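Read through the structure below, which is laid out as structure tokens, and then see the notes.
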Amino acid sequence: MSANKPGGASARQGEGRGVTPRSLDYSTWYTDVVTKAELADYSPVRGTMVIRPYGYALWENIQKDLDRRFKETGHQNAYFPLFIPQSFLQKEAEHVEGFSPELAVVTHAGGKELEEPLVVRPTSETIINHMFSKWIQSHRDLPLLINQWANVVRWELRPRLFLRTTEFLWQEGHTAHASEPEAREEVLRILQLYRDFVQDMMAIPVVPGRKSDSEKFAGAVETFTIEAMMGDKRALQAGTSHYLGQNFAKAFGTQFQNENNELDFVHQTSWGVSTRLVGGVIMAHGDDKGLRLPPHIAPIQVVIVPFIRSDEDRARVLPIIDQIRQALPQIRFQVDDRPSLSPGFKFNEWEMKGVPLRMEIGPRDLDKNQIVLARRDTGEKEFVDLDRATHALPDLLEQIQAGLWEQALAFREANTRTVETYEEFKAQLDEVGGFFLAHWDGTPETEAKIKEETRATIRCIPLDSPQEPGRCMVTGEPSKQRVLIARAY
RNA sequence: CGGGGUGUAGCGCAGCUUGGCUAGCGCGCCACGUUCGGGACGUGGAGGCCGUGGGUUCAAAUCCCACCACCCCGACCA
């Protein structure tokens, strides 16, 4: 039976109340979760999406915490324009080569053809350097630590909700420093910041590492990455931090006078995470009932479903709810008192939306002076004495945060293998998939061969794995360290 | 760009092979009532340029041609 006939995978999409099971069709499961949890919806222009209020609230929570971390490390927010003169892109050779194929270009405006076409920014290194070159004169102007929250456009060939949309939201940090060591320190500081954020807030374990030359950012000297494992065992690049060296500084003349009265080019970094993180949290934690959100970033942490059948019930139940909410102002509550829907319907809906904790309360509970708490991560229900509720709720949220982390970590560990030979690698990749730690001779030729033959890529050269002499699994040439290889999004 | 599909009510689909009745079904939506501790039920109701343009025909959702859009798989990528 072909995939698009009735009964095939895509025919199931959107059907019924639940989502397509992950085991049946992971890709359709993902799309189902995004649309049914009301995170996003398709927009009329190919590859673009509308981020719906619930999805946007999730992004805002991500933004809020990251923004705080950026500011704590001395960065300031600014905003640079969407339009960039086409000639700017062409000033840095690798940059233009890397981005040309995916640019959206404005050629007409105000009813006339433009003198010079404008590129809709795919990233802002060029326009920011243009400005930096005006703002920086002295070593006293450095370091310059700028971040911007923005939308960017990349005309990707194969879009996918949140993971790769034509237009996406992100933050891009751009910094200029007086020396290479200082800039490199910044690159790793941000990588660590990203790692802490994704692990502590999103409960997704990541492998920090350096990208191979062929995988690095167009125009960078070195690119660092955090790589996460998704529920189908594929890798997701969750954030990148680039050491740009003096490449852009030289292209744009971003110079300063140092303490020795010499003119020098600044050393730069850039780094970003995007709305792709939302896709990451879906695929790292979601199950066949839908989304499972880590409490630290969940727009709604506790949904309260009251059982109310009469005014008398209402008079008993609502004050208790108010009391609990007032006692816990730090928790994000939502009370679902929609009268026309049955409790079962509500339970399923909030499970689809991944709310970490559900609190049930009705006359029957109040008779016993208790409430019911149901965890989204384990599905467990427990009865809690009313007077213990204000302690139980925050405790449980932390347990759920930790529980999701433990599950994701255990899953990654169980699906990460060290392999010695290319045959072993290929067999295991097809049979079980996942992350592979293997020796590589460091050449682009071998890297290309692996990619060509297996569709897996070298995700990174991990930073925190030990130096360990070995032989490349493909060529047998010497290698100093194992690298992380996987199929990726 | 290559391969595979799909466009019919808000969503999911049937109808097309073999042209013809008032274009159906499920879910959702609206009103009222009964329900409500794991996806409730009854009654009544609203909602359609059948993707777009052209052609064939007495007659087109249905046949022919062209176009457009979107989805899935690959190459590019945060």
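These numbers were taken from a predicted model, which means no experiment stands behind them. As a basis for the values below, the full set of heavy atoms in this structure was taken, side chains included, without hydrogen atoms, waters or symmetry mates. Below, chains carry the letters A, B, ... as their sequence lines are ordered, and counting in each starts from 1.
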Inset, instruction - Looking only at side-chain atoms of A:Arg164, point me to the closest of B:rG37, B:rC77, B:rG39. - result: B:rC77
Inset, instruction - Indicate, with a heavy-atom threshold strictly under 4.0 Å, whether A:Pro363 touches base, sugar-phosphate, or nothing. - result: base
Inset, instruction - From the options B:rC77, B:rG39, B:rC72, select the nucleotide whose nearest atom is closest to the side chain of A:Tyr42. - result: B:rC72
Inset, instruction - Quick one: label A:Gln171 by what it contacts on the DNA or RNA (base, sugar-phosphate, nothing), any heavy atom closer than 4.0 Å. - result: nothing
Legend entry - Donor-acceptor pair between A:Asp67 and A:Trp149 side chains, under 3.5 angstrom: yes
Inset, instruction - Applying salt bridge (charged side-chain N to carboxylate O under 4.0 Å, His left out), run through A:Glu382 and A:Arg375 and close with a yes or a no. - result: CA-CA 9 Å; A:Glu382 61 176 283; A:Arg375 293 173 62 149; 5.8 Å; no
Legend entry - Whole-Å gap separating P (B:rG37) and CG (A:Asp313): 13 Å
Inset, instruction - Answer yes or no on whether A:Arg358 is positioned over the face of A:Phe347, meaning its NZ or CZ is under 6.0 Å from the six-membered ring centre and within 45° of the axis. - result: yes
Inset, instruction - For A:Arg487 and B:rC77, give me the distance from atom CZ to atom C1', rounded to whole Å. - result: 18 Å
Legend entry - Atom pair distance, as rounded to whole Å: CG in A:Leu66 and P in B:rA78: 18 Å
Inset, instruction - Counting heavy atoms from C-beta on, name the nucleotide in B:rA40, B:rG37, B:rA78 closest to the side chain of A:Ser342. - result: B:rA40
Inset, instruction - State yes or no: are the ring centers of A:His130 and A:Phe88 separated by less than 6.0 Å? - result: yes
Inset, instruction - Let me know, please, whether A:Ser340 or A:Thr166 comes out on the 5' side of the other along RNA chain B by nearest nucleotide. - result: A:Ser340
Inset, instruction - Using a heavy-atom cut-off of under 4.0 Å over every strand shown, decide if A:Ser43 touches base, sugar-phosphate, or nothing. - result: nothing
Inset, instruction - Name the closest nucleotide to the A:Arg158 side chain, picking from B:rG37, B:rC77, B:rG74. - result: B:rG74
Legend entry - Interatomic distance at C1', B:rU62 relative to B:rG19, whole Å: 6 Å
Legend entry - Atom-pair distance (CG on A:Asp32; C1' on B:rG12), nearest Å: 12 Å
Inset, instruction - Assess A:Lys426 against A:Tyr422: is NZ or CZ under 6.0 Å from the centre of the six-membered ring, and within 45 degrees of the ring's axis? - result: yes
Inset, instruction - Can you tell me the distance, in whole Å, between the CD atom of A:Glu38 and the P atom of B:rG28? - result: 15 Å
Inset, instruction - Just call it for A:Arg455: base, sugar-phosphate, or nothing, with non-hydrogen atoms closer than 4.0 Å on any strand. - result: sugar-phosphate
Inset, instruction - For nucleotides B:rA46 and B:rA9, find the distance between their C1' atoms and express it as a whole number of Å. - result: 11 Å
Inset, instruction - Report which part of the nucleic acid A:Gly362 touches: base, sugar-phosphate, or nothing (heavy-atom distance under 4.0 Å, all strands). - result: base
Inset, instruction - Look at all strands and tell whether A:Arg338 reaches a base, only sugar-phosphate, or nothing, counting heavy atoms closer than 4.0 Å. - result: nothing
Legend entry - C1' spacing across the pair B:rA31 / B:rG47, given as an integer number of angstrom: 15 Å
Inset, instruction - Go through the side-chain N and O atoms of A:Glu125 and A:Asn129 and say whether any donor and acceptor fall under 3.5 Å apart. - result: no
Inset, instruction - Select one nucleotide: of B:rG37, B:rG39, B:rC72, the one nearest the side-chain heavy atoms of A:Thr31. - result: B:rC72
Inset, instruction - Check whether the side chain of A:Glu351 and the base of B:rG38 form a donor-acceptor pair under 3.5 Å. - result: yes
Inset, instruction - Could you tell me whether A:Lys381 contacts a base, only the sugar-phosphate backbone, or nothing, with contacts defined as non-hydrogen atoms closer than 4.0 Å? - result: base
Legend entry - For atom CZ of A:Arg358 and atom C1' of B:rG37, their distance in whole Å: 10 Å
Legend entry - Sub-6.0 Å ring centroid separation between A:Phe217 and A:Phe99: yes
Legend entry - Candidates B:rA78, B:rG74, B:rG37 - which lies nearest the side chain of A:Val372: B:rG37
Legend entry - Aromatic plane relationship, A:Trp271 with A:Phe70 - under 30° parallel, 30 to 60° tilted, over 60° perpendicular: tilted
Inset, instruction - Grab the CZ-C1' distance between A:Arg160 and B:rG74 for me, whole Å please. - result: 13 Å
Legend entry - Whole-angstrom distance between B:rA59 and B:rC1, as gauged at atom P: 38 Å
Legend entry - Nearest-neighbour nucleotide for the A:Pro343 side chain, B:rG38, B:rC72, B:rG37 considered: B:rG37
Inset, instruction - Indicate whether A:Phe347 forms a stack on B:rG39; treat it as stacked only if centroid distance is below 5.5 angstrom and interplanar angle below 30 degrees. - result: no
Inset, instruction - Scan A:Ser27 against the nucleic acid and name what it touches under 4.0 Å (heavy atoms): base, sugar-phosphate only, or nothing. - result: sugar-phosphate
Legend entry - Residue met sooner reading RNA chain B from 5', once A:Phe383 and A:Ser214 are mapped to nucleotides: A:Phe383
Legend entry - N/O (side chain, A:Lys451) to phosphate O (OP1/OP2, B:rC76) under 4.0 Å: yes
Inset, instruction - Applying side-chain hydrogen bond (donor to acceptor under 3.5 Å, both in side chains) between A:Lys449 and each of A:Glu445, A:Glu452, A:Glu447, A:Glu453, report the one that passes. - result: A:Glu453
Legend entry - Spacing of the P atoms in B:rC63 and B:rA69 (rounded, Å): 23 Å
Short heteroatom pairs, N/O only, protein and nucleotides 41-43 of chain B, under 3.5 Å:
none

Legend entry - Rounded C1' spacing from B:rC41 to B:rC21 in Å: 35 Å
Inset, instruction - Among B:rC71, B:rG38, B:rA78, find the nucleotide with the atom closest to the side chain of A:Lys289. - result: B:rG38
Legend entry - For RNA chain B, stems built from three or more consecutive Watson-Crick or G-U wobble pairs below 3.5 Å: B:1-7 with B:68-74, B:10-13 with B:24-27, B:29-34 with B:40-45, B:51-55 with B:63-67
Inset, instruction - Output all residues satisfying side chain to side chain donor-acceptor pair (under 3.5 Å) with A:Gln237, sequence neighbours left out; order by chain, then residue number. - result: A:Lys211
Legend entry - Donor-acceptor contact below 3.5 Å, side chain A:Arg292 vs main chain A:Gly286: no
Inset, instruction - Give a yes-or-no answer on whether the side chains of A:Ser270 and A:His174 include a donor-acceptor pair shorter than 3.5 Å. - result: no
Inset, instruction - May I have the distance from A:Tyr26 (atom OH) to B:rC72 (atom C1'), rounded to whole angstrom? - result: 17 Å
Legend entry - A:Arg309, nearest nucleotide to its side chain (from B:rG39, B:rC77, B:rC36): B:rC36
Inset, instruction - Check every strand shown and say whether A:Glu360 touches a base, only sugar-phosphate, or nothing at a heavy-atom separation below 4.0 Å. - result: base
Legend entry - Interatomic distance at P, B:rA60 relative to B:rG51, whole Å: 15 Å
Legend entry - Side-chain (A:Arg459) to main-chain (A:Glu227) donor-acceptor, under 3.5 angstrom: no
Legend entry - Atom C1', compared across B:rC68 and B:rU57: separation rounded to whole Å: 26 Å
